[in-house]
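To keep things clear, I will list the structure first and then write my remarks on it.
Reminder, nothing fancy here: chain letters follow the sequence lines and each chain counts from 1. These numbers come from a predicted model, not from an experiment.
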Amino acid sequence: MIKTVSKPKTSSYDAIIIGGGHNGLVCAAYLAKAGKSVLVVEKRPLVGGAAVSEEIVPGFTFSTFSYVVSLFRPHIIRQLDLVKHGLQIIPMETTYNPIPGDRGLVRWADSERTRDEIARFSQRDASLYSEFGLAMGRLSRFAKNIIDTTAPEPASLNPKELFKLFKMARLFKDFDGKLRYLNVKLMTMSAVDFLQEWFESEPLLPAMAGSGIIGTFLGIRSPGTAYVLLHHYMGEIDGAFRAWGFSKGGTGQISLACAKAALSFGAEIITDAAVDHIDIKKGRASGIVLENGDDIRAGTVISGLDPNRTFLKMVGEHELPDDFVTQIKRYKNRGSSGKVNLALSRLPNFKDGRPGHHHLKGDITIAPSIDYVERAYDEAKYGAFSRRPFLNIVIPSLSDPSVAPPGKHVLSAFVQYAPYNLKEGADKWPEQRDAFGNAVIDTIEECAPDIRDCIIHKQVISPWDIEKMTGLTEGNIFQGELSLEQLAFLRPVAEWSRYRTPIHKLWMCGSGTHPGGGLMGAPGELAAKTMLTEGGV
Amino acid sequence: MPKKSPFHQRTSQFCQSMNWKDWAGYYAVVSYDTHHEQEYFAYRHAAGLMDVTPLFKYEVTGPDALRLLSRIMAKDISKVKQSQVTYCCWCDDDGKVLDDGTVTCLSQDHYRVTSAEPVLHWFHQNARSLKVTIEDSTSRFGILALQGPLSREILTHAAGGDIASLGYFRLIDCSIDKRKVTITRTGYTGDLGYEIWCENKDALAVYDAVMESGKNYQLLPAGLAALDVARVEAGFILNGVDYFSANHCVINSRKSTPFELNLGWSVNLDRDSFIGQQALKKEKKEGSLWQFVGLEYDWDAYESIFAKFDLPPQTPAGAWRTAVPVYGRNGKQIGQATSGAWSPTLKKNLALASIRTGHFTMGDTLQIEVTAEYERKRCPVKVCKPMFFNPDRKRN
Ligand SMILES: Cc1cc2nc3c(=O)[nH]c(=O)nc-3n(C[C@H](O)[C@H](O)[C@H](O)COP(=O)(O)OP(=O)(O)OC[C@H]3O[C@@H](n4cnc5c(N)ncnc54)[C@H](O)[C@@H]3O)c2cc1C
């Protein structure tokens with residue numbers, strides 16, 4: 001834990017960061033490390049934003065929103081000494097796809113064992129599986145180059161930009177023909193179409209395609225979802241791609257480590273302090289005004305909020321060029337996910353005939369068939385939550401016993417689809433929340449019939465709740481969809497992908513900027529480094 | 001052919017990987033699963049249960065037990081109180097280390113020694129004219145190491161005794177499932193942990209009871225591969241890897257003294273004579289030839305060595321034990337790293353090394369050999385104390 005207050009020590013700072021999400025905290029740490037006076041202003045009583053741990057019931061620590069980590073940049077961990085500040089990652093070794101009345105499919109760390117599992121459904125798929133992993137690994141390395149640097153500016157004539165593009169092109173050229181096509185396909189195809197070029201069997205296909213829809217309002221058959229698949233493959237832990245893990249003590253510990261790093265470099269953090277608006281004088285940001293009326297001055301204001309909230313709520317349309325406002329309004333935030341967190345008195349029994357619980361230690365995806373996932377999307381298209389949703393479940397207490405009392409467990413279910421805009425209206429979510437929670441538990445029950453007997457407490461979070469709690473517009477988990485037209489030099493909008501904004505001395509550092517959403521710290525880091533080299537602060 | 005420990009029936013039942021090795025004449029599990037990762041993380045976040053029966057064990061009894069051990073050990077054993085355990089090493093006449101292990105004071109005239117190698121002959125040789133009996137009790141007891149942050153909770157459940165107030169390197173006699181056991185708060189992972197001694201006949205009952213209590217704490221049977229990573233993080237030396245017992249060295253230069261192994265803290269020079277005392281006093285005055293240190297790889301440099309081949313940085317999956325050269329500022333070899341590991345907890349690539357005195361100071365950057373795509377490269381490493389991981393819970 002860190003102790004925070006809600007009043008700043010002084011009335012003026014080199015930089016004020018709005019929002020204590022992990023990106024805001026990373027940005028603060030880098031700026032403070034460079035000697036700047038920095039204040040982070042967070043609305044909630046605790047820092048972390050979408051990455052928080054909360055003891056909802058005594059003894060049970062929930063990762064309220066974000067629940068697994070993989071994309072966090074290893075060099076940020078080193079540069080900010082986050083291990084010293086408490087960051088600990090426990091890798092997940094299995095991926096389990098339960099099928100009611102069957103053994104389901106488990107992919108293990110042991111590749112031979114995984115091959116046997118897949119062979120139960122298709123010999124051909126089993127023999128291709130590791131080849132696919134290798135190809136994706138090679139592509140991820142290409143993508144890693146993209147996420148570890150600022151987005152290239154294709155319209156620029158600056159030699160540095162051209163070099164960056166050239167370097168990327170060269171990396172791309174190094175790919176053999178097959179891999180190059182693969183890359184193009186990834187950028188344009190649907191997750192299912194892309195995977196069907198390799199695999200034929202269920203449940204492998206929907207299980208793998210699942211990560212292509214996370215955080216998007218798209219179906220697994222919608223074009224562009226293949227890229228999101230890669231985004232999830234890009235994660236690395238200790239240099240190993242495609243490795244996901246739990247943060248010990250819940251994902252909030254990652255945010256806390258970032259906060260402690262920022263504090264250690266002299267940054268200040270205030271909580272329970274909601275920003276009402278950014279003070280703009282003659283097109284220049286000069287400070288912020290809190291909801292309680294407090295006024296704090298800053299040389300530079302940096303927003304860790306999503307683009308929509310930053311420009312339409314904190315700045316105001318009247319301060320911005322019309323075409324910019326149009327683009328921001330067009331920027332897609334369509335929230336599509338919810339979360340159900342359960343405190344369990346014991347481990348539920350997934351009637352799969354598998355001994356022990358080793359296969360439950362990693363992620364558990366409920367996506368038994370392509371049609372199942374597509375049907376879930378169909379309902380969402382017309383403004384209803386899925387009666388039988390796609391679920392990504394984890395039981396972190398099996399790997400990190402510190403999050404639950406002995407013998408008890410926490411279960412986190414990430415749910416898609418839960419459209420923010422219900423056909424009855426987003427504000428009807430409080431009325432539908434219970435039914436939504438029940439649909440999720442019914443879905444789990446089909447694989448683990450005794451789940452209801454194990455529940456001590458449940459927390460159901462709709463996209464409307466996500467927005468209310470974290471400020472993420474429409475509850476979009478990535479501060480804006482990771483679709484091709486809003487990535488890299490197009491994130492959040494063309495010509496403003498470099499953390500700058502049309503307002504002088506107002507910068508951005510959240511997931512709504514390149515390289516996008518997920519617990520990775522990269523937007524915060526790249527924003528800070530850009531500001532420091534370009535005299536932004 | 002290796003022997004089976006009294007826990008074999010259980011360890012073999014859990015050892016899915018069939019990955020065994022011969023440890024001091026016993027079958028020992030390298031990793032229960034095909035990969036040791038889960039076991040490592042159990043050691044660091046829950047608890048791991050390991051069969052450490054193969055340690056050599058000796059009961060030194062009689063009125064002169066203390067005199068014998070004071071004569072042999074480089075540490076002053078007279079300071080060890082009843083129910084206390086101490087870590088120590090012992091040397092030959094030239095002050096060269098023969099082995100390292102623990103001495104436990106069970107009573108005034110009963111001490112227990114553990115070692116990596118057999119010592120019976122050496123002890124007998126030095127016990128002439130003393131009223132002391134030395135019994136090799138290696139095959140009389142089974143030992144389980146229960147290590148990890150939740151080991152205390154698990155043991156509190158399993159054992160009828162005040163585990164909660166058992167101090168670091170202390171011992172308690174109590175019972176597990178009505179069988180007599182001796183529990184010491186010791187281990188080789190650098191974390192909170194205990195070792196449980198029981199009679200062979202009770203071994204399976206004790207094992208089962210501990211596993212049963214561990215159910216609610218994600219206790220896993222854990223093997224040597226996970227232990228090896230943990231002990232590198234803790235900076236613990238290993239006989240036969242980081243140094244060689246003087247008994248086995250064909251050439252003198254291969255031998256090491258306690259000071260050279262960073263065990264100077266465990267040497268008590270100013271007291272009645274003990275084996276190696278003269279040589280060690282001289283060395284203390286004149287300085288040691290070698291120093292045992294920790295090395296931390298410069299990760300960016302490490303990554304770029306592999307990037308030149310368009311490869312991601314390759315870290316070994318477990319701990320390694322094949323020595324590699326370490327180079328000084330002038331590019332000449334000044335020592336060797338003898339073991340190392342990527343630390344999943346600290347997110348650092350680590351090594352333990354012996355470096356010649358006078359060629360460096362703490363905090364210096366040296367170079368270590370790294371093989372990338374069959375080519376030998378050099379990577380900068382920072383010299384530090386050989387203890388990378390040392391959580392408060394270990395002692396408190
Ligand atoms: C349900 C859910 C599940 C997810 N699962 C994963 C996952 O498993 N793995 C993964 O990598 N990513 C996941 N994500 C995505 C990831 O968590 C986010 O992309 C990331 O945490 C965003 O961080 P950020 O710092 O950019 O923004 P945020 O975390 O959104 O930070 C913005 C901060 O601003 C604060 N704020 C808002 N309004 C104001 C105001 N007016 N004044 C002051 N402060 C304000 C908010 O409280 C918040 O702390 C998930 C997200 C959600 C919502």
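For A:S402, no part lies near chain B; criterion is any non-hydrogen pair under 4.5 Å. Contact of B:L346 with chain A is made through backbone and side chain together, with heavy-atom distances under 4.5 Å. For B:D33, the part lying under 4.5 angstrom from a heavy atom of chain A is the side chain only. Looking at A:D400, neither its backbone nor its side chain comes within 4.5 Å of chain B, counting heavy atoms on both sides. At a 4.5 Å heavy-atom cutoff, the contact between A:L398 and chain B is made by backbone and side-chain atoms alike. Residue contact with chain A, scored on non-hydrogen atoms closer than 4.5 Å, involves the backbone and the side chain of B:Q38 alike.
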Under 3.5 Å, which donor-acceptor pairs link side chains of residues 83-92 of chain A to any protein atom two or more places apart or in another chain?
none

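Taking 4.5 Å as the limit, every side-chain heavy atom of B:T34 sits out of range of all side-chain heavy atoms of A:E112. Considering only heavy atoms from C-beta on, B:E303 stays 4.5 Å or farther from A:H75 through its side chain.
Of residues 384-393 of chain B, not one residue has a non-hydrogen atom less than 4.5 Å from any non-hydrogen atom of chain A. Within residues 215-226 of chain B, the residues having any heavy atom less than 4.5 Å from a heavy atom of chain A are, in residue-number order, B:N216, B:Y217, B:Q218, B:L220.
More than 12 heavy atoms of other shown residues, nucleotides or ligands fall within 6.0 angstrom of atom CD in B:E373. Around atom NZ of B:K348, no more than 12 heavy atoms belonging to other residues, nucleotides or ligands sit under 6.0 Å away. Around the NZ atom of A:K529, the shell of radius 6.0 Å holds more than 12 heavy atoms that belong to other residues, nucleotides or ligands.
When the ring-ring contact (aromatic ring centres under 6.0 Å, His included) test is applied to B:Y297, the partners found at least two apart in sequence or on another chain are B:Y302.
Here the CD-CZ distance, from B:Q16 to A:R113, works out to 6.5 Å after rounding to the nearest 0.5 Å.
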